[in-house]
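Bear in mind that the values here come from a model prediction, so they are computed numbers and not experimental data. Just the heavy atoms: all of them, side chains too, but no hydrogens, waters or symmetry mates, feed the values below. Reminder, nothing fancy here: chain letters follow the sequence lines and each chain counts from 1.
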Number of protein chains: 2
Amino acid sequence: MDLHSIKVACSSCNLRELCIPVGLNPGEMEQLDNLIANRRRVRRGAALFAAGDAFTSLYAVRSGFFKTSVTTADGRDQVTGFQMAGEILGLDGIVQDKHSCSAIALEDAEVCVLPFDKLEQLSREFSALQHHVHRIMSREIVRDQGVMLLLGSMRAEERLAAFLLNLVQRLHARGFSKSEMVLRMTREEIGSYLGMKLETVSRTFSRFQDDGIIEVKQRYVRILDPDALGAIVNHASPDGD
Amino acid sequence: MDLHSIKVACSSCNLRELCIPVGLNPGEMEQLDNLIANRRRVRRGAALFAAGDAFTSLYAVRSGFFKTSVTTADGRDQVTGFQMAGEILGLDGIVQDKHSCSAIALEDAEVCVLPFDKLEQLSREFSALQHHVHRIMSREIVRDQGVMLLLGSMRAEERLAAFLLNLVQRLHARGFSKSEMVLRMTREEIGSYLGMKLETVSRTFSRFQDDGIIEVKQRYVRILDPDALGAIVNHASPDGD
DNA sequence: CGGGCGGTTGATCGAGTTCAATGACCGTGG
DNA sequence: CCACGGTCATTGAACTCGATCAACCGCCCG
């Protein structure tokens, strides 16, 4: 029981500057503490929720790392995102009262469970919380637009460069290095997310390494030349203007 | 003045079964009527809002047809969606109080302006409206996941087939034909949305026509064999299982 | 120490892009 | 009413990037 429902407080959480509590005053945060039913542990490889599951709650990642993916009728699937501490999972479930994607832990993880009916109730009382919920959903929409841009109009090198910069930037916001990281996902998962095959991901990593832009050793990646990476992202055509 | 701010009522709108009012009782709908500041006309080719514009309102498409698109630093842009009557525009603006994409009218259009602060206020009073706003945002997130799936893991034929079926289905929900349509966008815009070049779009149209699946004449499209189109979408590999 | 999963690298292939020319449609003005 | 210009669409031919097929490596864990 203790393992699967641990009472915690947003007000004392070290993610409060990144997670739901952002911008709430102490009184509002206390209400939020009452909302959070419990935490839930998810083992590496296990699903927090799967496509088709009934929707009841949103989840705030407390520790660990997730991927979300959608699946077609014929079995192919597409990774739609990777989520780390402080990020919110489950927004897809609201429309149809069931989840349309699956969330799988890529390493042992822990999430805070936010029963959605209670969150709505509390949002009606506190306009700051209400607006914050709206912002979180809008942020997800904007993020998705960015992924569409990436998938629809970037070449392999640009996609991987954008992916690495995005990842390291989010890790940095959580206190990790600005230039080093250990990837939590396989080449195949990166490929699925970026719309390319695992071999292409691997080759592109190698090319970046040969060019002295990054250092790669399996899951470990170090960015040596962030500017070069940035230049790759927003400079498609190989002309020199 | 009259041309640009026309008072209207959701309660008497013929889109009330598709738009914001869905599921609201008469009292709630009356409140909604007070919310809607006015309508706004947008000429073909003009922007309802552009990336970077201050966010103040959501917009419900009353008539006409829009595209939304995002632009990279280096000038490429990606069409992220097409919107028709009853659909909501502007959700991307909430996070940063400014729009991150542009909405361009593909034909003369009219929208209902929904000031977002007032919508939030009203949502706090009426939980049905609140939940409905959440559903609209979640629906957009799920739609975006579908586009990612399309862009990340489908081939040209599948993308176009999925696109045509989606479009005709939405038109049918609005009382139009189940099999015929006139496209409001160019081949280039379709290509941008689907992550392919206009020539490929055109060639794929021609191939579908040669196969007797559709009839195409410029912007006019008639679906002759919807099942074949459906089979193309969720049956990637050309093996016969 | 051996088995297996994940990753790298090479060789070949092909879907879709690119470049280019032609054709259809539409509004405008002579 | 028709000629003209412009935009949008179609089609062909050559090319290219990334996919596919295949072999091998290396790291981790039992």
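Going from atom OH of Tyr220(B) over to atom C1' of dC25(C) covers 17 Å, rounded to whole Å. One atom, CD of Gln209(A), and another, P of dG7(C), lie 15 Å apart when rounded to the nearest Å. Across the protein-nucleic acid pair, Arg219(A) atom CZ and dC5(C) atom C1' stand 10 Å apart, rounded to whole Å.
Side chains of Tyr220(A) and Glu215(A): a donor-acceptor N/O pair is absent below 3.5 angstrom, by distance only.
By the 30° and 60° cut-offs, the orientation of the rings of His99(A) relative to Phe55(A) is perpendicular.
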Report, as a single string ordered 5' to 3', how protein heavy atoms within less than 4.0 Å touch nucleotides 14-24 of chain C: B base, S sugar-phosphate only, - not at all. --SBBB-----
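A donor-acceptor distance shorter than 3.5 angstrom exists from the side chain of Ser192(A) to the backbone of Val79(A), with no hydrogens or angles considered. Under the 3.5 Å distance criterion, the side-chain polar atoms of Arg203(B) are left unmatched by any main-chain donor or acceptor of Leu198(B).
Counting heavy atoms from C-beta outward, Phe208(B) and Glu157(B) have side chains that approach closer than 4.5 Å. Gln145(A) has its side chain within reach of Asp92(B): a pair of non-hydrogen atoms, C-beta onward, lies under 4.5 Å apart.
When each of Arg43(B), Arg184(B), Arg219(B), Lys67(B) is checked for a salt bridge (Lys or Arg N to Asp or Glu O under 4.0 Å) with Glu107(B), only Arg184(B) meets the rule. When each of Arg174(A), Arg139(A), Arg62(A), Arg143(A) is paired with Glu87(A), the salt bridge (Lys or Arg N to Asp or Glu O under 4.0 Å) condition holds for Arg174(A) and for no other.
Backbone-only engagement by Thr186(B) is indicated by non-hydrogen atom pairs under 4.0 Å involving sugar-phosphate atoms exclusively.
Reading DNA chain D from its 5' end, the first and the last nucleotide to sit under 4.0 Å from a heavy atom of chain B are dC8(D) to dA13(D).
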